[in-house]
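These notes are about the structure you will find just below.
No experiment lies behind these values; they were computed from the predicted model shown. Proteins come first, then strands; the chains are lettered A, B, ... in the order of their sequence lines, and each starts at number 1.
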Amino acid sequence: MKSVILGVILMVAISAIAGVILSTQEQSSTGAYISSNGSVRLSE
Amino acid sequence: MFTMTADFSDPWLTGRLVRKLLLVAALLFVCFALIPASNSQASQDKGAVAGNVPGGVLSNSSDAEYWRQVRHGAQGSVVGVNSDRGLLIQADGTQWWQTRTNLIGKYLAWALLGTIALLALFFAIRGRIRIDGGMSGVTILRFALIERLAHWMLASSFIVLALTGLNLLYGRALLIPIFGKDFFSTMAVGGKYIHDFVGFAFIVSLIMVAMLWVVHNIPSKEDLVWFLRGGGIIGHGHPSARKFNAGQKILFWLIILCGISIALSGWTLLYPFTTSMFSGTFEILNSVIGTEFAVPLAAVQEQQLANQWHVILAGVMMVTVLAHIYIGTIGMEGAVSAMTSGEVDLNWAKEHHDLWVEEANRE
């Protein structure tokens, strides 16, 4: 069962790294313009 | 408190009030009389000719017909910006929504439930596939740690992706009545983010699995015999197989090819309006096999097709994986340890993968 747990941990770790990278991308791309109610977002 | 009163008993005051009222009434009369006259004059100036609406703004065709065409996706043209903006209403969106919900959603549910039912029926009839010679007590290493890691990473990421994906497809109908809208909203948004992030773990593990096992999954002549004997169901004994038998090879290529296509369509969904994979694919199909797909596709059509394709292939994978889970656990004695400890009983190995055992012993 050790390999099962290790596989799941590896999956979570890679997902977490992807999550951090995606969140950073999202913040940078929406930084140019966001309307007051958030419905309009323009990237640079 | 402020109040205003008038003394109507004073004849001078009353006469003055009446004169003022008459003057206001006269002015109002003149205004109402002049307005139609000025409009009529303007109409004549703009030139109503042969029944055309004056001003050249509208034609003889009705507004209803015009907007009906817009509603059903008639495309105009714009200057100086993205040409897609000439499409005011993308009518295929309705078709996409109906196909996704009524067609794909319905048949995928039937496919999943049908597969579970068929596997249960098969188990009831066939029972668990036992090791004919019984457990020998001697084991042989079937999968190394790196192989098992890649397998479980792929398996766990696929299960998370399948559950969060099914939540997006069926959650509104199935879970809102149970948990309510607020809870479902939080769960759906969270599930969507998890789906996005775990997709990358799926891609990494898919690449690992492909690199580790592609050599062992190249078709060979033993596969034909394996098929002819139904993988051992037809006739007596077990057909010969190397590390992977023909059934496992089909599973491998289905997972790899569907997985690649799911990953690409997922990329399109994650980064919308940045790819034109379907236009490219359709152009190739049109030129190679003579299909008549309409190309190029609008950017939003690319998104709609990517979504449908993503769900269809995910459904194919889910059905396949259900069968794989069955045969790897309760369906076959001695199989599951290959992916937990990595070791399998020697008798099991000789019965199901005799050629692989011979190769392993030679090494």
B:Trp152 and B:Phe158: aromatic ring centres closer than 6.0 Å? no
Region of B:Leu270 in contact with chain A, defined by heavy-atom distances below 4.5 Å: side chain
Are the aromatic ring centres of B:Trp356 and B:His216 under 6.0 angstrom apart? no
Tell me, side chain or backbone of B:Leu149 under 4.5 Å from chain A's heavy atoms, or both, or neither? both
Of the backbone (N, CA, C, O) and the side chain (C-beta and beyond), which part of B:Ser157 lies under 4.5 Å from a heavy atom of chain A, both, or neither? both
Within the 6.0 Å centroid threshold, strictly below: B:Trp213 and B:Phe252: no
Of the backbone (N, CA, C, O) and the side chain (C-beta and beyond), which part of B:Val204 lies under 4.5 Å from a heavy atom of chain A, both, or neither? side chain
Point-to-point distance, once rounded to the nearest 0.5 Å, from OG1 of B:Thr164 to CZ of B:Phe197: 11.5 Å
